[in-house]
Amino acid sequence: MTLLKTCLAVSALAVTAATAQAGEIAVIVKTTNSNFWQNVNLGAQAAIEGQSEHTLSFDGPTAESAVADQVNLVENAINRGVAAIVLAPSDPEALIPVVRRAYESGIPVVIIDSTLGEGAEGAFQSFLSTDNCAAGEQVAQRMIDEAGTTGKVGIMSYVAGVGSEIGRVGCFTDYLAANSELEIVGPLYSQSQMANALNQTTDMLASNPDLVGIFGANEPTAVGMGRAIMQAGRAGELVALGFDGNEDLQQFVRDGVLTATAVQGSFAMGELGVQTVMAVLAGDTVEPFINTGVVMVDQTNIDSDEAQNVLY
């Protein structure tokens, strides 16, 4: 956390005083094949409505693991001279050179969802995200509350080394280790592919019939996990916690397949990301970090305003 705060503090000081300019704001996410990222797009579109100064583009690779494709998308945005970039980096290191190139080209960059490594210091103006470490700890505490402090807990993760995964899964694991005697099985990495998660969870359940809990750490992974639990006839027999809140995950909560799911403010991430980069273009001071938070959604609150404002 110290490194992140240092990086963001330097970034805040490095905000350029470039003349405010109209033009394209390029929103580049980890993949377009996800309801979560489409909800980010809806938020970005909402931020741009009612004004004529800026236009918006939205793009991303076909899969979160297609890191080279995302690098190329950022390169293309720089080459066509966009006014600003809102980026959800798929890899904390691979995107650093193009983010630095954008900054050196006078193109402001706002990072959303997952942070970049130390080499990006000073090259972006703000970072908007769920505090993934705090979210991971929140899910871990819910696991302890529901499953107790002993037994086996499976972890179904997504892409190893991604900034959000490091915080979310790492802090979940560390919190369980510090506050319980729960034994971790995994993590297994789905590469954010639902079919992979389904097959991996099926194997995990078969190999570990004594699991007391399982955590699916992002949308496609949690959906695959939920389907595997249903197919195995294990719904309600173990504590299953998800992450994100598309229609499949909402139905799993309603049906008791998932005990709860932690839902990020994806719409807010897109809306605030675009609003923040427009403020940079206007020469305004922006906060170096904006926490977009999570809501733990379960059967007791799924129809509440708090939950409905983040579900998608």
Side-chain angles (χ1 to χ4, degrees), residues 20-64 66 69-70 72-90 95 98-99 102 107-115 124-130 164 192 218-220 243-250 263-284 286-287 289-295 297 305-312:
Q21 54 181 318
E24 176 189 348
I25 296 174
V27 179
I28 301 171
V29 297
K30 296 179 181 182
T31 179
T32 54
N33 291 334
S34 162
N35 288 335
F36 177 86
W37 295 112
Q38 289 300 329
N39 208 43
V40 170
N41 183 26
L42 291 176
Q45 296 288 348
I48 215 82
E49 287 177 5
Q51 59 84 48
S52 57
E53 187 175 3
H54 302 290
T55 60
L56 190 78
S57 65
F58 176 80
D59 211 344
T62 57
E64 288 192 27
D69 291 345
Q70 190 184 47
N72 289 337
L73 290 172
V74 179
E75 289 275 11
N76 292 340
I78 296 169
N79 291 339
R80 67 178 181 265
V82 300
I85 296 172
V86 177
L87 173 66
S90 291
L95 275 295
V98 285
V99 169
I107 299 173
V109 179
V110 164
I111 301 296
I112 62 172
D113 186 61
S114 298
T115 193
F124 59 92
Q125 281 65 64
S126 186
F127 175 45
L128 292 84
S129 177
T130 303
S164 62
S192 288
N218 77 345
E219 176 194 298
F243 210 99
D244 295 328
N246 71 356
E247 290 183 1
D248 286 334
L249 296 174
Q250 293 172 51
V263 186
Q264 302 178 82
S266 52
F267 186 96
M269 198 177 290
E271 184 175 35
L272 293 173
V274 170
Q275 289 175 345
T276 300
V277 88
M278 287 195 297
V280 173
L281 288 170
D284 296 336
V286 299
E287 293 293 329
F289 175 69
I290 299 171
N291 180 14
T292 51
V294 297
V295 176
V297 177
D305 289 344
E306 181 185 30
Q308 290 298 311
N309 285 339
V310 296
L311 294 166
Y312 52 92

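Residues meeting the salt bridge (charged side-chain N to carboxylate O under 4.0 Å, His left out) test with Glu24, sequence neighbours left out: Arg80.
Checking side-chain atoms of Asn39 against main-chain N and O of Asn35 turns up no donor-acceptor pair under 3.5 Å. Checked by atom type and distance alone, the side chain of Gln70 pairs as donor or acceptor with a backbone atom of Ser90 at under 3.5 Å. Side-chain atoms of Ser126 never come within 3.5 Å of backbone atoms of Val110 as a donor-acceptor pair (strictly under, hydrogens ignored). No donor-acceptor pair under 3.5 Å is formed between the side chain of Glu306 and the backbone N or O of Val297. Between the side chain of Asn33 and the main chain of Thr62, a donor-acceptor pair closer than 3.5 Å is present.
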Report task. Please assess Gln264 against Val310 for the test side-chain contact (heavy atoms from CB on, under 4.5 Å), listing each intermediate value before the final yes or no. Result -> CA-CA 7 Å; Gln264 302 178 82; Val310 296; over 6 Å; no

Query raised in the report: side-chain contact (heavy atoms from CB on, under 4.5 Å) between Met278 and Ile48: does it pass, once the steps are laid out?
Result: CA-CA 9 Å; Met278 287 195 297; Ile48 215 82; 4.0 Å; yes

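In this structure, CZ in Phe58 is found 4.0 Å from CG in Asn41, a value given to the nearest 0.5 Å. In this structure, CG in Leu281 is found 8.0 Å from CD in Glu53, a value given to the nearest 0.5 Å. Going from atom CZ of Phe267 over to atom OG1 of Thr292 covers 13.0 Å, rounded to the nearest 0.5 Å. Of the inter-residue distances, the one linking Leu87 atom CG with Ile112 atom CD1 reads 7.5 Å to the nearest 0.5 angstrom. We find the CD-OG1 distance between Glu271 and Thr276 to be 10.0 Å, quoted to the nearest 0.5 Å. Atom CG of Asp113 and atom CH2 of Trp37 lie 3.5 Å apart (nearest 0.5 Å).
When all heavy atoms are compared, the tightest approach of Gly273 to Leu128 is N-CD2, 3.6 Å. Between Val109 and Ala102, the shortest heavy-atom distance links the atoms CG2-CB, 3.8 Å. Of all heavy-atom pairs spanning Ala77 and Ala26, the tightest one is CB-CB, 4.2 Å. Across Ala44 and Val274, no two heavy atoms sit closer than the pair CB-CG2, 3.6 Å. Across all non-hydrogen atoms, the minimal contact from Pro61 to Leu73 is N-CD1, 3.8 Å.
Using cut-offs of 30° and 60° on the angle between ring planes, the pair Tyr312 and Phe36 is perpendicular.
Put simply, the side chain of Ile78 reaches to within 4.5 Å of the side chain of Ile107, judged on heavy atoms. Between Ser164 and Thr130 there is no side-chain heavy-atom pair separated by less than 4.5 Å. In this structure the side chain of Gln38 reaches within 4.5 angstrom of the side chain of Thr32, judged on heavy atoms. Counting only heavy atoms from C-beta outward, the side chains of Val277 and Gln125 never approach each other to under 4.5 Å. Side-chain atoms of Asn218 and Glu64, non-hydrogen and from C-beta on, do get closer than 4.5 Å to each other.
Counting only N and O atoms by type, the side chains of Lys30 and Ser192 include no donor and acceptor under 3.5 Å apart.
Around CD of Glu247, the count of heavy atoms belonging to other residues, nucleotides or ligands within 6.0 Å does not exceed 12.
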